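Treat the numbers as computed from the prediction; the structure is a model and nothing was measured. Position 1 is the first residue of the sequence; numbering continues from there. These values consider heavy atoms only, across backbone and side chains, with no hydrogens, waters or symmetry-generated copies.
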Amino acid sequence: MLVWMLRQVMASRGIWSGAALARLLKEKADYSLSPPSISALLAGQPRQMKAETMDALCTALECTPNDLWVYTPAKQIAQGGQ
């Protein structure tokens with residue numbers, strides 16, 4: 001199971017709003033996302049994502065895709081995380 005961790009990554013960097021994320025994306029990655037797109041990323045786990053969007057998020061937030069997604073095998077979930 002994949003868990004989307006964008007809000008947690010943002011919070012750990014003191015970024016509390018979609019507008020702040022948009023500014024950071026533009027400043028650090030020269031990448032623009034529309035307010036509805038940012039809102040969708042903040043609202044829940046995306047079903048799909050362009051590689052260039054992932055690259056921009058990682059550049060702006062100074063993280064890796066492994067920071068944005070946490071994977072737990074289904075077998076571990078069924079066993080209660082053990």
Side-chain angles (χ1 to χ4, degrees):
M1 178 173 148
L2 285 172
V3 178
W4 183 232
M5 303 293 290
L6 178 60
R7 283 191 174 273
Q8 291 85 340
V9 171
M10 288 172 55
S12 72
R13 287 153 177 78
I15 302 161
W16 305 106
S17 70
L21 178 60
R23 281 192 299 276
L24 196 64
L25 283 167
K26 189 63 180 164
E27 290 169 10
K28 289 193 170 185
D30 194 29
Y31 192 77
S32 295
L33 276 176
S34 68
S37 293
I38 289 177
S39 180
L41 289 175
L42 294 173
Q45 188 162 305
R47 294 174 52 106
Q48 60 185 12
M49 181 177 295
K50 291 181 181 179
E52 59 192 22
T53 301
M54 178 64 78
D55 182 57
L57 286 169
C58 290
T59 298
L61 295 169
E62 299 177 8
C63 67
T64 70
N66 286 341
D67 298 317
L68 293 171
W69 291 100
V70 173
Y71 173 70
T72 303
K75 184 177 180 181
Q76 285 184 0
I77 294 168
Q79 294 175 351
Q82 298 178 22

Quick one: side chains of residues 37-46, donor-acceptor pairs under 3.5 Å with protein atoms, not counting sequence neighbours, listed by atom name and distance.
from	atom 1	to	atom 2	distance (Å)
Ser37	OG	Ser34	OG	3.0
Gln45	OE1	Trp4	N	3.3
Gln45	NE2	Leu2	O	3.1

Listing, residues 15-30 side-chain donor-acceptor contacts under 3.5 Å, not counting sequence neighbours, or none:
from	atom 1	to	atom 2	distance (Å)
Trp16	NE1	Gly14	O	3.4
Ser17	OG	Ala20	N	3.0
Lys26	NZ	Asp30	OD1	3.1
Lys28	NZ	Glu62	OE2	2.8

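- Applying the side-chain hydrogen bond (donor to acceptor under 3.5 Å, both in side chains) definition to pairs two or more places apart or across chains, those involving residues 48-61 are Tyr31-Thr53.
- For residues 7-21, no residue pair satisfies the salt bridge (Lys or Arg N to Asp or Glu O under 4.0 Å) rule, not counting sequence neighbours.
- With contacts defined as side-chain heavy-atom distances shorter than 4.5 Å, the pair Leu68/Met5 does not qualify.
- Atoms CE and CH2, from Met1 and Trp69 in turn, are 10.5 Å apart once rounded to the nearest 0.5 Å.
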